[in-house]
Amino acid sequence: YNTRVSYYPIFIPVDGKSCLVAGGGKVAERKVQTLLKFNARVKVVSPRVSRKIAALAEKKKIILKKRAFSPSDLDGALLAIGTTDDKKVNELISKEARKRNIPVNIVDNKSLCTFICPSIVKRGNLTIAISTQGCAPAFSKKIRKEIEATYGKEYGRIVASAGRFRTQVVTRKKVIIGSRGSRLALVQANSVAASIKKHFKSIDVEIKIIKTMGDKIKTASLADSNFTGLFVKEIQDALIKKEIDIAVHSLKDLPTKTPKELAVSAFTKRQMPNDVLVAGKKLRGKNVILALPQNAKVGTISARRKAQLKYLRSDIITKELRGNLDTRLKKLFTSDLDAIVVACAGIKRMKAKVKNLYVIPLAQMVPCPGQGILALETRKNDGLSKKLVQHLNDKRSSQMAEIELTALKMLDGGCSAPIGVVSQVNGANISAAGCVLSADGTKIIESSVLGKAANARALGKKLGKALLNLGAKELLRSSRSSR
């Protein structure tokens, strides 16, 4: 063998094309079976053939001519492969194929070949070809077996999925992100848009502002509303109607039941989940709640925060505080409020410069389930949008979201209920603490769980069940009736 000759590997389509195999033995069998994998129209010419080749002919999967090779057998052939034991016949096949400019491969005689048949591993649209350029066919076979053992059928499915995604990218050049119109919501939406643009430079990203019912309600307390999804429903409706492609939500605003057409395709890396107290004046002492003046007036819209403040300090007077984060911060200094309580995550995302800000420890005020995590929602059947946000998915956040939302679902609660659940991932383990309060903060039940992060859903159910066994259902019922 001339090892100085280099062969450049190429793939040619043989689907529906005529391919000639001269010979009927075991080698011919292998060549025929490989060509059939690629949907070639195979013609076999040989006076004698193996049982497998005869069976393929009976099933009309190949064309069989039981006779000696004739040059006319090459008419219309895309390529020819000679596997006979007769050297003169093989030489004739090579000579006649070259005359017609038909690529030819003669088994065991490299000098008669114009191309080499590699060993092939095929998994759907994934094709791996191995060749030693005819020097060591047995070694090619060994490598092929190793590759077959390593790359299973799932790799074909991965390639098919990637192909569908590539088609969508080529045909669709723009995606639309749906967001509320507040400064915080737009900061969050723009951060998602910037990340998509960075990772997918060929995709244009547009942000569409959608006004939700929660934005339209100006006077009534959200805790008194019978609606769920006050800050997300209109955005979800636009997603279902294909007016937008990706919805950016604060996870704590999402109802536990998602429309069947939609799915959360990514949970972003969690910001600090704590609540913070912003005071009108500087407070002294480590416990900021205790440092507030007697009968302090504290603004918040959250039923949970109201109940927790009352539990910590029964003299605190909670005041209804509506509006986006900017508005709430301004109201602290344009009203008679002594302090307000808001989520730390929003302050951090807006990079707001706030004086007299105090982080409330998780042990003192357990936050709303999902607080600090963004949920990126897409249509279930929109492969492109799912791929565009997948790089933003944080594994730890996903596990925390699963345990917290599962517990919330077990309690049949929502963002307007006095329920707190928070979790932390430490290596392979996850811990979670939950609490349910009466609306006036006079009663509280608490529980916690610890286990493997991989079992987050089961642990969430366990936490929810523990709280229910302690009387959470009755406490929540009394909280609703006291509104």
task: For the pair Ser431 and Gln424, evaluate side chain to side chain donor-acceptor pair (under 3.5 Å) and give the outcome as yes or no after the intermediate values.
output: CA-CA 5 Å; Ser431 60; Gln424 291 178 309; 4.6 Å; no
When you look at [atom1] of [X], are more than 12 heavy atoms from neighbouring residues, nucleotides or ligands closer to it than 6.0 Å?
| X | atom1 | value |
| --- | --- | --- |
| Arg457 | CZ | no |
| Arg67 | CZ | yes |
| Lys462 | NZ | no |
| Lys473 | NZ | no |
| Phe115 | CZ | yes |
| Phe38 | CZ | yes |
| Asn39 | CG | yes |

field: Trace of the side chain to side chain donor-acceptor pair (under 3.5 Å) decision for Asn274 with Gln371
entry: CA-CA 8 Å; Asn274 303 60; Gln371 187 160 295; over 6 Å; no
What pair of heavy atoms forms the shortest contact from [X] to [Y], and how long is it?
| X | Y | value |
| --- | --- | --- |
| Glu402 | Ala456 | OE1-CB, 3.9 Å |
| Leu463 | Ala407 | CD2-CB, 4.1 Å |
| Arg328 | Val342 | NH1-CG1, 3.8 Å |
| Ser179 | Ala185 | OG-O, 3.3 Å |
| Ile373 | Ser397 | CD1-O, 3.8 Å |
| Ala97 | Leu74 | N-CD1, 3.6 Å |

Just checking, any donor-acceptor pair under 3.5 angstrom between side chains of [X] and [Y]?
| X | Y | value |
| --- | --- | --- |
| Asn109 | Glu91 | no |
| Thr212 | Glu234 | no |
| Asp394 | Thr268 | no |
| Asp73 | Ser70 | no |
| Arg157 | Ser161 | no |

Side chain to side chain donor-acceptor pair (under 3.5 Å) between Ser94 and Arg98, worked out: CA-CA 6 Å; Ser94 177; Arg98 287 168 190 259; 3.1 Å; yes
If you define the side chain from C-beta out and look only at heavy atoms, does anything of [X] sit under 4.5 Å from [Y]?
| X | Y | result |
| --- | --- | --- |
| Ile347 | Leu329 | yes |
| Val44 | Ile63 | no |
| Ser140 | Thr132 | yes |
| Pro367 | Leu362 | yes |
| Asn105 | Leu79 | no |
| Ile240 | Arg379 | no |
| Ile430 | Ile403 | yes |
| Ile81 | Leu20 | no |

- prompt: Should Lys43 and Ile62 be marked as a side chain to side chain contact (heavy atoms under 4.5 Å, CB included) after you check the CA-CA gap, both sets of side-chain angles, and the distance that decides it?
  reply: CA-CA 6 Å; Lys43 180 166 75 173; Ile62 63 171; over 6 Å; no
Let me confirm one number: the [atom1]-[atom2] distance from [X] to [Y], rounded to the nearest 0.5 Å.
| X | Y | atom1 | atom2 | answer |
| --- | --- | --- | --- | --- |
| Glu29 | Ile53 | CD | CD1 | 5.5 Å |
| Met410 | Lys465 | CE | NZ | 7.0 Å |
| His391 | Phe200 | NE2 | CZ | 6.5 Å |
| Asp253 | Ile235 | CG | CD1 | 9.0 Å |
| Leu408 | Cys368 | CG | SG | 7.0 Å |
| Leu112 | Leu92 | CG | CG | 11.0 Å |

Quick test of your reading of the model: are [X] and [Y] salt-bridged, counting only N-O distances below 4.0 Å?
| X | Y | value |
| --- | --- | --- |
| Asp108 | Lys87 | no |
| Lys386 | Asp382 | no |
| Asp204 | Lys173 | no |
| Glu206 | Lys174 | yes |
| Lys99 | Glu96 | yes |
| Arg270 | Glu404 | yes |

message: Please determine whether salt bridge (charged side-chain N to carboxylate O under 4.0 Å, His left out) holds for the pair Lys241 and Asp237, giving the CA-CA distance in whole Å, both sets of side-chain angles, and the decisive distance to 0.1 Å.
response: CA-CA 6 Å; Lys241 293 174 185 175; Asp237 288 345; 5.6 Å; no
- request: Determine, step by step, whether Asp215 and Arg322 satisfy the salt bridge (charged side-chain N to carboxylate O under 4.0 Å, His left out) criterion, reporting the C-alpha distance in whole Å, the side-chain angles of both residues, the deciding distance to 0.1 Å, and the verdict.
  value: CA-CA 10 Å; Asp215 298 313; Arg322 290 296 318 277; over 6 Å; no
Is there a donor-acceptor pair under 3.5 Å between the side chain of [X] and the backbone N or O of [Y]?
| X | Y | value |
| --- | --- | --- |
| Asn393 | Phe267 | yes |
| Arg144 | Ile130 | no |
| Lys201 | Lys198 | yes |
| Ser302 | Arg305 | yes |
| Lys380 | Lys260 | yes |
| Lys122 | Gly124 | yes |
| Ser250 | Leu374 | no |

message: Between Val104 and Ile93, is the side chain to side chain contact (heavy atoms under 4.5 Å, CB included) condition met? List the steps.
response: CA-CA 8 Å; Val104 61; Ile93 294 167; 4.2 Å; yes
message: If you apply the rule side chain to side chain donor-acceptor pair (under 3.5 Å), what do you find for Asn324 with Thr327, and how did you get there?
response: CA-CA 5 Å; Asn324 57 46; Thr327 302; 3.0 Å; yes
message: Among Asp245, Ile176, Ile177, exactly one meets side-chain contact (heavy atoms from CB on, under 4.5 Å) together with Ser385. Which residue is that?
response: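 Exactly one pass, corresponding to Asp245.
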